[in-house]
Amino acid sequence: MEYTTCCVVGGGPAGMMVALLLARAGVDVTVLEKHPDFLRDFRGDTVHPSTLRLLDELGLGSRFAELPAGRLERMRVHINGTPVVMADFSRLPAPYDYIAMVPQGDFLDLLAEEAAGEPTFTLRRPVTVTGLLTSGEGDSPRVHGVRYRSQDGTEHELRAALVLACDGRDSVAREAAGLRPHEFDVPMDVWQVRLPLPPDDSRGIVVGHFRAGGAAVSMDRGTYSQVAYLIPRGSDAQRRALGLDAFRAHLSELLGWSDDVVGAIRSWDDIPLLRVRMNRLRRWYRPGLLCLGDAAHAMSPVGGVGVNLAIADAVAAARLLAPALRERGTVTTAELARVQRRRMPATLVTQRTQHGEHEMLLRPALDGTLTKVPTPLRAVGRSALLQTVTAHLGGKGLYRERPPVFARRVSVPPRP
Ligand SMILES: Cc1cc2nc3c(=O)[nH]c(=O)nc-3n(C[C@H](O)[C@H](O)[C@H](O)COP(=O)(O)OP(=O)(O)OC[C@H]3O[C@@H](n4cnc5c(N)ncnc54)[C@H](O)[C@@H]3O)c2cc1C
């Protein structure tokens with residue numbers, strides 16, 4: 001039977017980053033990914049200052065700077081027409097003073113190419129993990145590896161000292177381990193829309209538009225605008241039944257963009273639905289298995305934090321687990337618990353902040369009761385200091401995950 005020290009289920013941001021770092025530590029690591037490539041449209045593409053700094057520390061900054069990227073320096077919202085600056089990233093110390101908007105597929109290709117240079121790294125795709133190899137009864141069976149299906153339909157087993165469940169918000173590995181996340185109530189789902197850049201002053205800015213009866217957020221992607229149009233949770237079919245013309249008209253009114261710009265929407269097929277979920281595991285691990293990223297905690301899209309938290313989880317896991325995997329070839333359950341203890345506060349605070357924004361702004365906009373600028377936002381809008389604080393918390397997070405020494409590479413000059 002095949003064996004690897006660490007089996008990573010899923011090659012998303014969490015899986016590829018933890019695999020790269022473990023491989024740099026000399027740990028034998030195998031990633032199993034169900035898709036044949038990393039092409040992803042409209043996933044989390046927001047690379048925050050914390051991740052930009054990490055990439056420099058890993059020696060990947062100059063390659064990352066070559067990827068096609070939009071650059072976001074501020075977040076402004078219009079609440080019933082009143083503009084409020086919510087966060088000013090350009091006030092953070094350079095060069096980590098903006099959010100890069102990079103297609104997630106390009107970012108993952110970069111991590112995969114870099115990891116491929118390490119002799120202990122293997123990426124297998126397309127293969128689908130279907131279950132776990134376990135022993136023992138009761139609540140906490142020990143995990144010894146995974147079952148997976150290759151493209152020709154044949155079933156395989158891969159034994160491992162540690163399985164990292166990085167297979168996202170519908171994690172099969174998590175389910176097979178009997179771990180169930182607690183789901184939080186969210187007010188919205190999201191339609192993702194790609195539009196031409198409007199001739200206005202929104203270059204380099206995230207602009208939110210909130211008013212009684214509607215909410216949308218537009219992001220400058222350099223060559224186009226990505227618009228997240230919020231709909232009440234579970235109302236996708238009902239809203240689509242109102243017709244495309246009604247949608248275009250509402251979007252045009254909400255954003256203040258011309259009919260020409262929103263006329264670029266040709267069919268409902270252009271508008272994928274993101275079913276928003278916000279959840280969190282109470283316990284992220286079983287003996288022999290640890291969940292990271294969305295598998296441990298699906299985030300609301302508010303603030304575009306999903307990718308960055310997934311990467312921070314990966315860095316913490318590699319830093320805390322690589323020494324044991326390298327020296328003993330195994331990890332204890334107590335060591336897995338340390339990773340959860342390290343990452344839980346950041347997850348908790350971020351989800352509470354997102355919940356606060358849902359209730360203060362998003363829900364009232366969607367249910368038609370938003371009448372004025374909420375007081376805390378009014379205060380932020382009036383204070384450059386508070387706009388720096390919100391940029392710091394949003395862009396850098398509650399605390400920094402430093403890359404382990406074994407993973408660092410020669411630093412690169414700061415990007416211009
Ligand atoms: C449709 C969609 C749109 C999103 N839009 C936004 C957004 O606008 N802003 C934002 O901040 N966040 C967004 N997110 C969330 C963001 O993409 C995630 O938070 C982030 O990618 C989490 O990284 P991850 O590595 O934990 O999981 P994921 O990125 O979900 O990666 C999981 C990986 O596991 C693989 N996989 C799954 N099951 C198996 C299996 N059984 N066997 C093998 N491989 C498997 C998947 O193919 C995938 O590559 C979106 C997510 C989705 C699903």
- Message: Just verifying a value: how many Å separate Leu292 CG and Asp167 CG, rounded to the nearest 0.5 Å?
- Response: 10.5 Å
- Nearest heavy-atom contact between Phe184 and His182 is CE2-CD2, 3.4 Å
- Query: About how many Å separate OH of Tyr98 and CG of Leu52, when rounded to the nearest 0.5 Å?
  - Reply: 5.0 Å
- Any residue meeting side chain to side chain donor-acceptor pair (under 3.5 Å) with Arg400, in chain and number order, not counting sequence neighbours: Glu57
- May I ask you to test the Val146-Leu132 pair for a side-chain heavy-atom distance under 4.5 Å? yes
- Message: side chain to side chain contact (heavy atoms under 4.5 Å, CB included) for Ile231 and Leu273? Distances and angles first, verdict last.
- Response: CA-CA 10 Å; Ile231 56 171; Leu273 167 72; 4.2 Å; yes
- Query: Say you draw a straight line from CZ of Arg338 to OH of Tyr285; how long is it, rounded to the nearest 0.5 Å?
  - Reply: 13.0 Å
- Hey, does Phe107 have a side-chain heavy atom less than 4.5 Å from the side chain of Leu60? no
- Message: Is the distance from the ring center of Phe89 to that of Tyr96 below 6.0 Å?
- Response: no
In residues 16-25, what donor-acceptor pairs under 3.5 Å come from side-chain atoms, sequence neighbours left out?
residue: Arg24; atom: NH1; partner: Leu58; partner atom: O; Å: 3.0
residue: Arg24; atom: NH1; partner: Ala407; partner atom: O; Å: 2.6
residue: Arg24; atom: NH2; partner: Leu58; partner atom: O; Å: 3.3
residue: Arg24; atom: NH2; partner: Glu114; partner atom: OE2; Å: 3.1

- Heavy-atom side-chain contact between Asp28 and Thr120 under 4.5 Å: yes
- Expected output: side-chain His48 to main-chain Val305 donor-acceptor under 3.5 Å: no
- Item | Non-hydrogen side-chain atoms of Leu362 and Phe210 separated by less than 4.5 Å | yes
- Query: How long is the gap from NE2 on His35 to OG1 on Thr128, to the nearest 0.5 Å?
  - Reply: 8.0 Å
- Note on the structure: Sorted by chain and number, sequence neighbours left out, salt bridge (Lys or Arg N to Asp or Glu O under 4.0 Å) with Arg277 holds for Asp170, Glu183
- Query: Applying salt bridge (Lys or Arg N to Asp or Glu O under 4.0 Å), which residue pairs with at least one partner in residues 360-369 are found, sequence neighbours left out?
  - Reply: Asp185-Arg363, Glu359-Arg363
- Test Asp45 against Arg221 for side chain to side chain contact (heavy atoms under 4.5 Å, CB included), laying out the working first. CA-CA 10 Å; Asp45 292 345; Arg221 299 293 307 249; 3.0 Å; yes
- Query: Looking at residues at least two apart in the chain, or sitting in another chain, which of them share a salt bridge (Lys or Arg N to Asp or Glu O under 4.0 Å) with Arg169?
  - Reply: none
Residues 156-165 side chain polar contacts: donor-acceptor under 3.5 Å, at least two apart:
residue: His156; atom: NE2; partner: Ser150; partner atom: OG; Å: 2.9
residue: His156; atom: NE2; partner: Thr154; partner atom: OG1; Å: 3.0
residue: Glu157; atom: OE2; partner: Arg147; partner atom: NH1; Å: 2.8

- Message: Enumerate the salt bridge (Lys or Arg N to Asp or Glu O under 4.0 Å) contacts for residues 282-297, please, sequence neighbours excluded, ordered by first and then second residue.
- Response: none
- Note on the structure: Per side-chain contact (heavy atoms from CB on, under 4.5 Å), Tyr148 is matched among Val127, Val172, Thr130 by Val127
- Query: So do Leu321 and Leu290 actually touch side chain to side chain, heavy atoms under 4.5 Å?
  - Reply: yes
- Trace of the side chain to side chain contact (heavy atoms under 4.5 Å, CB included) decision for Ile265 with Leu195: CA-CA 7 Å; Ile265 305 167; Leu195 290 175; 3.7 Å; yes
- Item | Closest heavy-atom pair and its distance - Asp220, Gly204 | OD2-N, 2.7 Å
- Considering residues at least two apart in sequence or located in another chain, which fulfil the side-chain contact (heavy atoms from CB on, under 4.5 Å) criterion with Asp88? Arg74, Ser90, Arg91, Gln387
- Given side chains that start at C-beta, do those of Met188 and Val302 come closer than 4.5 Å, heavy atoms only? yes
- Message: Going by salt bridge (Lys or Arg N to Asp or Glu O under 4.0 Å), name the pairs with one or both residues in residues 92-103, residues two or more places apart or in two chains.
- Response: Arg71-Asp97
- Task: Any chance you could lay out the side chain to side chain contact (heavy atoms under 4.5 Å, CB included) test for Met219 and Ile99, step after step, and finish with the verdict?
- Result: CA-CA 11 Å; Met219 282 166 281; Ile99 292 176; over 6 Å; no
- Any donor-acceptor pair under 3.5 Å from Gln340 side chain to Trp284 backbone: yes
- Task: Go through the structure and list residues passing ring-ring contact (aromatic ring centres under 6.0 Å, His included) with Tyr399, not counting sequence neighbours.
- Result: none
- Message: Treating Ser252 as the side-chain partner and Trp257 as the backbone partner, does any N or O pair qualify as donor plus acceptor under 3.5 Å?
- Response: yes
- Heavy-atom closest pair, residues Arg328 and Val331: NH2-CA, 4.0 Å
- So the side chain to side chain donor-acceptor pair (under 3.5 Å) pairs with at least one residue in residues 238-248 (sequence neighbours excluded) are Tyr229-Arg239, Asp236-Arg240, Asp245-Arg248
- Message: Whether the side chain of Ser171 engages the backbone of Ala295 through a donor-acceptor N/O pair (distance < 3.5 Å, no angle test) should be reported.
- Response: no
- Query: What are the two closest heavy atoms between Ser218 and Val227, and how far apart are they?
  - Reply: CB-CG2, 4.0 Å
- Item | Over 12 non-hydrogen atoms of neighbours within 6.0 angstrom of CD in Glu2 | yes
- Item | Side chains of Val186 and Arg233 in contact at under 4.5 Å (non-hydrogen atoms) | yes
- Enter the distance from Arg409:CZ to Asp56:CG here, rounded to the nearest 0.5 Å. 15.0 Å
- Message: If I take atom CE from residue Met86 and atom CG from residue Leu361, how far apart are they, to the nearest 0.5 angstrom?
- Response: 6.5 Å
- Item | N/O donor-acceptor pair under 3.5 Å between Gln192 side chain and Pro272 backbone | no
- Message: Restricting to non-hydrogen atoms, name the atom on Gly243 and the atom on Trp268 that form the minimum distance, rounded to 0.1 Å.
- Response: C-CZ2, 3.5 Å
- Under 4.5 Å between any side-chain heavy atoms of Gln354 and Gln351, yes or no? yes
- Task: Report, as yes or no, whether the 6.0 Å neighbourhood of atom CZ on Arg408 holds more than 12 heavy atoms from other residues, nucleotides or ligands.
- Result: yes
- Closest heavy-atom pair and its distance - Pro49, Leu92: CG-CD1, 4.1 Å
- Message: List the residues meeting ring-ring contact (aromatic ring centres under 6.0 Å, His included) with His78, not counting sequence neighbours, and say none if there are none.
- Response: His209
